[in-house]
J.: 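There's a structure below that I have some questions on.
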Amino acid sequence: MAKKSNNYNVQYGEPVGMIAAQSVGEPGTQMILRLFHFAGIEATVTTSGLPRLAELVDAKKRPTTPITYVYIEDGAKKDFEKVEAIAKKINEVKMQNIVRRFVENFPKKRIKFFLNSQELEAAGLTSKQIASKIEKLFEVEAEADEDAVTVRLQTTNMKIIRNTGVRMMRSVISGIEGVGKAIIQQDKKTGEYFIIATGNNLGAIMDVAGVDKYRLYTNDVFAMYKQFGIESARYTLAKELMHTLSEQSITVDHRHLLLIADAMTSSGTIKGIGRHGLSGQKNSVLARAAYEETVKHLINAAAFGEIDPMSGVTENILVGKLIPLGTGSVKLAMKSGDTSKVKKNK
Amino acid sequence: MKSDHELVPVHEIMDEKEVRSLFEKMNITQNNLPKIFTSDPQAKKLSAKPGQIIKVHRTDFGNEYLYYRLVVEG
């Protein structure tokens with residue numbers, strides 16, 4: 001087996017990068033331009049198709065629709081109630097989500113928040129919890145009633161009171177900042193429950209008890225890079241590329257995608273393919289000038305006395321030399337003075 | 001050996017002897033290698049210094065191989 005598979009190894013000098021580019025590019029032309037895909041549930045819409053592919057390849061800092069997959073530790077993953085409790089810890093609840101309206105009383109230095117009891121119940125919070133949270137966040141006195149929270153302030157300044165009220169409305173009461181909705185899903189094969197959350201804040205989610213840190217995953221490549229390092233970013237990138245393509249039933253060999261991911265992560269950080277990424281930072285002046293912004297590159301090269309090592313493909317085609325690919329990548333040289341293998345002319 | 005995440009392969013700092021034999025075998029210098037920043041979470045965990053080389057035990061779809069990254073400042 002091993003011997004047989006070794007026969008199919010890539011040959012020396014094979015232009016693997018070009019083959020990878022063509023293998024992804026051709027099916028890319030068949031992709032639907034904009035397709036909205038509902039990942040089995042309502043409310044989480046992920047970008048897919050060509051826009052997503054472009055987003056990945058250009059190494060955008062934030063994806064348009066970041067999504068975090070939170071898996072639960074072995075003990076609790078099949079227990080719906082335990083999973084629900086964790087989801088509640090993650091689900092971001094802002095004051096404005098649970099408050100019906102708020103009324104300022106300027107002369108008495110008070111703000112009264114009227115709570116929406118239905119939303120309150122859905123979030124699993126009580127007015128007392130909210131009052132104590134507000135006290136902690138803003139260092140003010142807060143009183144809890146049945147369905148209202150009254151905050152006492154120190155000042156009569158109307159501007160400050162209004163501003164504090166608005167700031168309180170925007171504050172995160174429970175859950176993790178940066179995460180939107182957390183929805184519980186069930187894996188049909190294994191029967192385990194997991195949480196899909198919009199947005200991401202991996203560092204904070206990891207600290208939640210009961211979350212399986214080993215399988216935490218997000219479609220935001222840069223977030224993965226920051227949390228787990230460049231190697232995980234590479235896998236995430238390849239995985240997302242694969243997912244985007246297979247969603248539209250396009251099959252591209254995984255090695256092409258891994259090669260692209262490898263090239264994008266080889267500098268230690270994630271670089272896009274294009275003017276500001278890989279193509280714009282090539283060694284050769286001529287190769288860069290042949291791609292985009294010709295004049296800029298040539299003038300800069302002339303001004304700084306750059307040297308072109310002539311080791312790539314583009315620059316060699318440009319000057320009419322043999323390209324260093326395939327048989328062109330091998331050079332023959334004779335040891336000076338060694339004429340033992342040369343046939344002598346009679 | 002198990003890393004701390006599903007998608008993170010095991011990282012390991014190579015000693016100098018290993019590095020020298022690698023360079024000789026592959027006929028390369030350290031500048032030919034892909035890079036990893038010192039600020040990278042995995043490099044931080046190993047407290048790697050610039051100039052060292054990190055060996056990565058990768059597994060791609062069941063295909064196990066080694067990958068090397070040069071530690072650079074960043």
Side-chain angles (χ1 to χ4, degrees), chain A residues 1-2 5-6 8-10 12 69-71 202-203 205-206 211-240 242 253-271 278 281 283 309 311, chain B residues 1-15 18-19 22-74:
Chain A
M1 256 311 256
S5 83
N6 278 338
Y8 294 98
N9 273 351
V10 175
Y12 177 75
Y69 296 83
V70 185
Y71 293 91
L202 289 184
I205 292 175
M206 269 173 88
V211 168
D212 190 351
K213 288 173 197 143
Y214 190 69
R215 288 191 293 165
L216 190 63
Y217 180 73
T218 169
N219 64 359
D220 184 347
V221 180
F222 273 90
M224 288 297 276
Y225 168 53
K226 268 193 202 122
Q227 197 63 42
F228 301 111
I230 191 70
E231 282 291 320
S232 76
R234 169 191 175 261
Y235 277 107
T236 311
L237 200 58
K239 232 178 135 169
E240 285 299 317
M242 241 172 271
D253 194 293
H254 61 255
R255 280 165 290 190
H256 296 311
L257 303 173
L258 284 168
L259 186 81
I260 292 170
D262 258 341
M264 285 173 70
T265 53
S266 72
S267 63
T269 178
I270 308 149
K271 267 194 191 138
L278 287 173
Q281 279 151 14
N283 246 334
S311 54
Chain B
M1 269 191 293
K2 198 181 168 191
S3 68
D4 54 356
H5 193 273
E6 197 177 30
L7 297 180
V8 181
V10 176
H11 289 53
E12 183 186 1
I13 294 179
M14 291 171 86
D15 57 42
E18 243 183 315
V19 171
L22 170 80
F23 284 175
E24 214 161 281
K25 189 181 147 210
M26 303 278 194
N27 191 20
I28 51 167
T29 63
Q30 61 174 24
N31 297 328
N32 296 79
L33 291 176
K35 320 269 185 296
I36 185 168
F37 288 142
T38 43
S39 58
D40 192 280
Q42 300 304 323
K44 253 188 197 165
K45 232 172 106 191
L46 297 169
S47 55
K49 287 172 191 70
Q52 283 181 322
I53 288 170
I54 287 181
K55 183 153 76 173
V56 184
H57 298 259
R58 274 189 181 174
T59 313
D60 291 349
F61 300 89
N63 180 20
E64 282 175 37
Y65 63 99
L66 293 173
Y67 198 75
Y68 304 93
R69 279 182 188 273
L70 172 70
V71 182
V72 289
E73 194 73 64

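Given the structure is predicted, the values throughout are model-derived calculations rather than measurements. So that the names make sense, note that chain A is the first sequence line, chain B the second, and so on, each numbered from 1.
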J.: Just checking A:K213: does its NZ atom have more than 12 heavy atoms from other residues, nucleotides or ligands closer to it than 6.0 angstrom?
T.: no

J.: In this structure, are over 12 heavy atoms from other groups packed under 6.0 Å from B:N27 atom CG?
T.: no

J.: Can you say whether A:I230 sits under 4.5 Å from chain B via the side chain, the backbone, both, or neither, judging by heavy atoms?
T.: both

J.: With a 3.5 Å distance limit and no angle check, can you tell me whether B:Q42 reaches the backbone of A:F228 through a side-chain donor-acceptor pair?
T.: yes

J.: To check you understand the geometry: which heavy-atom pair defines the closest contact between A:Y235 and B:L7, and what is its length?
T.: CD1-O, 3.3 Å

J.: Between B:H5 and A:Q227, is any pair of side-chain heavy atoms under 4.5 Å apart?
T.: no

J.: Give, as side chain, backbone, both or neither, the part of A:R234 having an atom under 4.5 angstrom from any heavy atom of chain B.
T.: side chain

J.: Nearest 0.5 Å, what's the CD-CD1 distance between A:E231 and B:I36?
T.: 6.5 Å

J.: With a cut-off of 6.0 Å (strictly less than), are more than 12 heavy atoms of other residues, nucleotides or ligands near OH of A:Y12?
T.: no

J.: Closest heavy-atom contact between B:F37 and A:S267?
T.: CZ-O, 3.7 Å

J.: List the atom of A:G229, the atom of B:D40, and the distance in Å for their closest heavy-atom pair.
T.: CA-OD1, 3.2 Å

J.: Relative to chain A, which of B:L33, B:T59, B:V72, B:L70 shows the most heavy atom pairs under 4.5 Å?
T.: B:T59

J.: Heavy atoms only, distances under 4.5 angstrom: which of B:K45, B:K35, B:R58, B:K44 has the most pairs with chain A? Name it, please.
T.: B:R58

J.: Working to the nearest 0.5 angstrom, can you tell me the gap between A:T265 OG1 and B:R69 CZ?
T.: 5.0 Å

